[in-house]
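What you see is a predicted model, and the numbers here were worked out from it, not measured in a lab.
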Amino acid sequence: ELIPEFSYAVLPAVPTFALRANDGNVVFSKALEFTNEYTPDPGKVTLTGTKNLTGKELAADAYTFVLTDKDGQVVDSVKNAADGTFSFDELIFEEIGTYEYKVYETPGDEAGMTYDRTIYDVKVVVTYNHDKGVFESAVTISGTGTLTFNNAYVAPDTVNIAGTKTLTGRNLQANEFTFVLTNANNEVLETVKNDTDGKFVFSELTFWNAGDYEYHVYEQKGKDSSVIYDNTLYHVHVHVKHNDDRTALEATYTIGLPA
């Protein structure tokens with residue numbers, strides 16, 4: 001009996017398999033039903049970027065780049081190729097939604113290197129294309145829209161502070177006199193002795209940053225009562241600046257007496 005409040009559609013009959021006994025009675029029956037499942041192609045995204053370096057040649061595997069999810073969990077970590085490019089493993093998306101990531105470079109500790117500390121926000125929006133039967137992914141990246149990291153290396157410069165010892169009244173002996181180098185806080189950095197010609201040289205000072213640096217040099221008084229020791233305190237001023245293209249430092253020094 002049909003109920004007036006409802007509308008009805010005639011559906012095709014479902015084939016039925018029936019097993020009958022010799023007397024014609026049905027002892028088993030089952031509809032022949034076929035169920036198909038369709039799995040759409042997932043959305044796929046491969047995030048790539050570029051490392052730029054000034055000041056020296058870029059080497060493969062020199063820098064590390066990290067991909068994290070919105071909770072800060074590391075998804076992938078990769079290094080640059082010789083040409084500066086890097087690529088994370090492919091991301092697979094099988095559900096509609098918005099996925100958020102961050103990409104950054106791990107700062108190293110190389111002297112003279114300025115590391116790019118940019119943190120990029122990456123958003124992946126996944127939708128379903130019903131016409132094609134696939135998931136589709138759209139990527140947006142904060143800032144310039146590309147994962148680009150720029151590092152700058154500035155080569156250091158060095159200074160060798162040297163001097164001469166003169167002795168009157170007798171011949172000068174090697175290693176007879178001691179000379180002291182201190183910093184601006186009068187902390188002793190090094191002590192050296194003269195050679196047979198009276199020359200002395202302190203170890204090379206390396207400068208990684210532009211600026212002005214102050215040192216002092218004096219002769220350490222010995223115990224020979226027949227020698228009148230020179231008690232001069234020299235002031236050494238080192239000036240460090242960038243070269244014209246800012247790829248290296250240039251250091252020069254002047255020597256004077258403290259005011």
Side-chain angles (χ1 to χ4, degrees), residues 51-64 79-80 82 105-117 150-259:
K51 158 58 65 179
N52 297 317
L53 176 63
T54 59
K56 72 173 186 177
E57 185 176 353
L58 179 65
D61 301 324
Y63 305 97
T64 302
K79 293 182 179 293
N80 63 283
E105 175 184 351
T106 301
D109 56 3
E110 182 179 359
M113 184 67 68
T114 299
Y115 293 88
D116 192 330
R117 298 181 181 272
N150 302 302
N151 285 10
Y153 175 77
V154 177
D157 199 6
T158 59
V159 163
N160 284 105
I161 299 174
T164 303
K165 176 63 181 178
T166 301
L167 178 65
T168 60
R170 66 172 174 81
N171 291 331
L172 179 68
Q173 302 296 316
N175 301 317
E176 187 174 359
F177 300 96
T178 302
F179 306 90
V180 181
L181 174 68
T182 69
N183 61 17
N185 297 321
N186 294 319
E187 298 168 330
V188 175
L189 303 179
E190 188 180 15
T191 59
V192 297
K193 292 183 179 293
N194 62 281
D195 63 14
T196 55
D197 296 323
K199 297 178 180 179
F200 62 91
V201 181
F202 293 103
S203 296
E204 192 173 73
L205 297 173
T206 302
F207 298 92
W208 292 98
N209 296 292
D212 292 287
Y213 302 83
E214 311 297 333
Y215 301 91
H216 295 102
V217 176
Y218 61 89
E219 178 183 347
Q220 189 177 75
K221 187 175 181 180
K223 298 180 179 180
D224 189 340
S225 60
S226 66
V227 175
I228 298 176
Y229 292 92
D230 190 330
N231 61 2
T232 303
L233 178 66
Y234 286 98
H235 175 78
V236 181
H237 175 80
V238 181
H239 178 66
V240 183
K241 66 176 184 178
H242 288 93
N243 63 358
D244 291 339
D245 60 5
R246 301 186 69 83
T247 59
L249 295 175
E250 298 175 343
T252 57
Y253 74 92
T254 56
I255 298 176
L257 300 177

Should the heavy atoms of other residues, nucleotides or ligands under 6.0 Å from CD of E204 be counted, would the total exceed 12?
yes
Does K199 NZ have over 12 foreign heavy atoms under 6.0 Å away?
no
Find the distance between [atom1] ([X]) and [atom2] ([Y]) and round it off to the nearest 0.5 Å.
{"X": "Q173", "Y": "D195", "atom1": "CD", "atom2": "CG", "answer": "12.0 Å"}
{"X": "N52", "Y": "Y63", "atom1": "CG", "atom2": "OH", "answer": "11.0 Å"}
{"X": "T206", "Y": "L249", "atom1": "OG1", "atom2": "CG", "answer": "11.0 Å"}
{"X": "T166", "Y": "L172", "atom1": "OG1", "atom2": "CG", "answer": "8.0 Å"}
{"X": "I255", "Y": "H216", "atom1": "CD1", "atom2": "NE2", "answer": "12.5 Å"}
{"X": "L181", "Y": "Y215", "atom1": "CG", "atom2": "OH", "answer": "7.5 Å"}

Between [X] and [Y], is any pair of side-chain heavy atoms under 4.5 Å apart?
{"X": "L205", "Y": "Y253", "value": "no"}
{"X": "Y234", "Y": "L257", "value": "yes"}
{"X": "F200", "Y": "F177", "value": "no"}
{"X": "N231", "Y": "Y229", "value": "no"}
{"X": "L189", "Y": "F202", "value": "no"}
{"X": "T254", "Y": "H239", "value": "no"}

Can you sort out the partners of E187 under side-chain contact (heavy atoms from CB on, under 4.5 Å), two or more places apart, ordered by chain and number?
N183, N185
Answer with yes or no whether the side chains of E214 and H237 bring together a donor and an acceptor at under 3.5 Å.
yes
For residues K79 and T64, is any side-chain donor paired with an opposing acceptor at under 3.5 Å?
yes
Who passes ring pair (Phe, Tyr, Trp, His ring centres under 6.0 Å) against F207, sequence neighbours left out?
Y213
Pair listing, salt bridge (charged side-chain N to carboxylate O under 4.0 Å, His left out) test, anchored in residues 157-181, at least two apart:
K165-E219, R170-E176, R170-D224
Sequence neighbours excluded, every pair satisfying salt bridge (charged side-chain N to carboxylate O under 4.0 Å, His left out) that has a member inside residues 232-243
none
If I compare all heavy atoms of [X] with all of [Y], which pair ends up nearest, and what's the gap?
{"X": "A60", "Y": "A82", "result": "CB-N, 3.7 Å"}
{"X": "A62", "Y": "A59", "result": "CB-O, 3.3 Å"}
{"X": "V238", "Y": "A251", "result": "CG1-CB, 4.4 Å"}
{"X": "D109", "Y": "Y115", "result": "N-OH, 3.5 Å"}
{"X": "A162", "Y": "V201", "result": "CB-CG2, 3.8 Å"}
{"X": "V236", "Y": "V217", "result": "CG2-CG2, 4.0 Å"}

Please identify each residue that fulfils salt bridge (Lys or Arg N to Asp or Glu O under 4.0 Å) with E110, with sequence neighbours left out.
K56
Residues that D197 engages under salt bridge (Lys or Arg N to Asp or Glu O under 4.0 Å), provided they are two or more places apart:
none
Please check this pair: side chain of N151 against backbone of D116, looking for a donor-acceptor N/O pair closer than 3.5 Å.
yes
